[in-house]
Amino acid sequence: MNATSGPHSAGALLLCHGEPPEVRPSARLLREQLLLAPAGAAWTVLVPEGKPWLHGGESVERVVTGWATALAVPAGGRPVVALWWDRDRAGLTLAAGFRRTVGYTWLADGTPVGEDEAMRTFAARLALDPVLDVQALEPLTAPDPDADARTRLVGVVAVLARAGLALPAGLVPGDGADRLRSAALDQGAEQLEGHGWRDAARAEPDGVESGPVGPYLRGPGARALGGAQLVAGVPLLLWGAGRRSGGWAAAGALLVAHGALGLAYDRLRERWAQGRPRER
């Protein structure tokens with residue numbers, strides 16, 4: 001990635017801390033062309049097509065920050081790391097639940113323009129080793145004439161590998177969206193289509209609720225999360241629509257959808273449980 005790169009060199013990768021079945025429903029609700037693939041132990045990578053920043057006039061950073069926020073909240077706080085880049089800059093954004101997003105940016109030549117504290121917060125929220133992993137991240141925030149923005153992002157991926165991340169072969173931060181999607185398809189990535197709630201509706205309720213997301217589907221935890229998602233999603237949706245920001249509007253819409261459907265699901269399952277014959 002260099003100063004002469006064209007706008008079509010912009011791209012992004014969304015690294016979600018969770019297995020593909022846990023990530024898939026929320027990813028589908030974004031209503032974007034995404035490829036999904038496992039990326040190591042308890043990690044999933046999403047490869048976007050890139051139309052919002054290629055044709056929508058928005059920066060890739062703003063779009064993927066909205067997407068990361070939308071993906072992280074319904075997951076009950078599981079972190080989502082967005083790696084993004086364009087002709088002039090590159091960076092990372094970490095979203096985790098309702099916490100404020102954390103970001104760090106480099107210029108195209110690799111010059112750090114972020115705050116060191118942001119990188120330490122990044123490590124803490126991902127539960128990285130406070131000594132070894134933080135030491136590995138520190139060089140990424142220091143001047144280095146031999147490291148451009150692409151090299152910095154590859155360095156981030158190397159540190160995340162300590163936490164189990166393993167990107168499919170050919171997925172290299174800094175490549176254009178077309179090349180990334182081609183590489184992902186070559187590795188058997190899944191093309192997401194439709195809406196995630198179809199999967200939820202077809203799934204066996206008892207099996208889903210006994211899994212790791214069970215506390216967020218029924219009971220007080222589900223109602224608290226659904227209400228919080230509505231409270232956060234409505235103003236975010238209005239703000240994104242008013243500013244014609246597709247990324248943030250999508251984040252707001254996804255939060256509203258999750259909140260409303262989550263509350264409805266909890267109520268329906270409660271009624272179903274009350275009317276279900278007891279086993280003798």
Side-chain angles (χ1 to χ4, degrees), residues 10-18 20 22-37 39 43-86 89-105 122 125-126 153 156 160 165 167 171 173 176-177 180-181 184 189-197 229 232-241 243-259:
L13 293 172
L14 292 163
L15 313 176
C16 307
H17 202 295
E22 300 166 347
V23 174
R24 187 181 294 110
S26 296
R28 281 180 171 170
L29 283 172
L30 287 177
R31 297 186 180 183
E32 297 290 340
Q33 293 294 322
L34 300 167
L35 297 178
L36 176 148
W43 284 91
T44 300
V45 61
L46 295 172
V47 184
E49 186 177 31
K51 284 185 177 180
W53 56 82
L54 293 179
H55 308 296
E58 286 194 81
S59 70
V60 60
E61 177 186 10
R62 176 177 292 184
V63 172
V64 299
T65 297
W67 287 350
T69 302
L71 290 167
V73 173
R78 294 191 180 210
V80 176
V81 179
L83 302 180
W84 58 269
W85 54 92
D86 59 24
R89 301 180 305 149
L92 61 85
T93 299
L94 170 66
F98 288 102
R99 293 178 175 182
R100 185 177 180 180
T101 57
V102 176
Y104 197 92
T105 305
F122 173 80
R125 291 189 184 176
L126 286 173
L153 293 179
V156 173
L160 292 180
L165 177 71
L167 289 179
L171 286 189
L180 290 173
R181 288 177 63 83
E190 173 188 354
Q191 180 109 29
L192 295 184
E193 298 177 355
H195 304 284
W197 284 102
Q229 288 171 338
V234 171
L236 191 60
L237 174 60
L238 295 175
W239 184 85
R243 291 176 175 259
R244 296 182 179 179
S245 174
W248 286 107
L254 183 54
L255 289 175
V256 170
H258 265 284

Can you check whether [X] reaches [Y] side chain to side chain, under 4.5 Å on heavy atoms?
| X | Y | answer |
| --- | --- | --- |
| L126 | L160 | yes |
| V47 | L13 | yes |
| W67 | V80 | no |
| L46 | L71 | yes |
| L167 | L15 | yes |
| R62 | W53 | no |

Residues which pass ring pair (Phe, Tyr, Trp, His ring centres under 6.0 Å) with W43, listed by chain and number, not counting sequence neighbours: H17
Under the ring pair (Phe, Tyr, Trp, His ring centres under 6.0 Å) test, which residues partner Y104, sequence neighbours left out? W106
So, taking the atom named CH2 in W84 and the one named CG in L14, what distance separates them when rounded to the nearest 0.5 Å? 13.5 Å
CD of E22 to CZ of R78: how many Å apart, nearest 0.5 Å? 4.0 Å
Please give me the minimum heavy-atom distance between [X] and [Y], naming the atom from each residue.
| X | Y | answer |
| --- | --- | --- |
| R100 | R125 | O-NH1, 2.6 Å |
| A72 | A95 | CB-O, 3.6 Å |
| A68 | A82 | CB-CB, 4.3 Å |
| L35 | A184 | CD1-CB, 3.8 Å |
| G18 | V23 | O-CG2, 4.0 Å |
| P79 | L94 | CB-CD1, 3.7 Å |

For E49, all residues meeting salt bridge (charged side-chain N to carboxylate O under 4.0 Å, His left out), sequence neighbours excluded: none
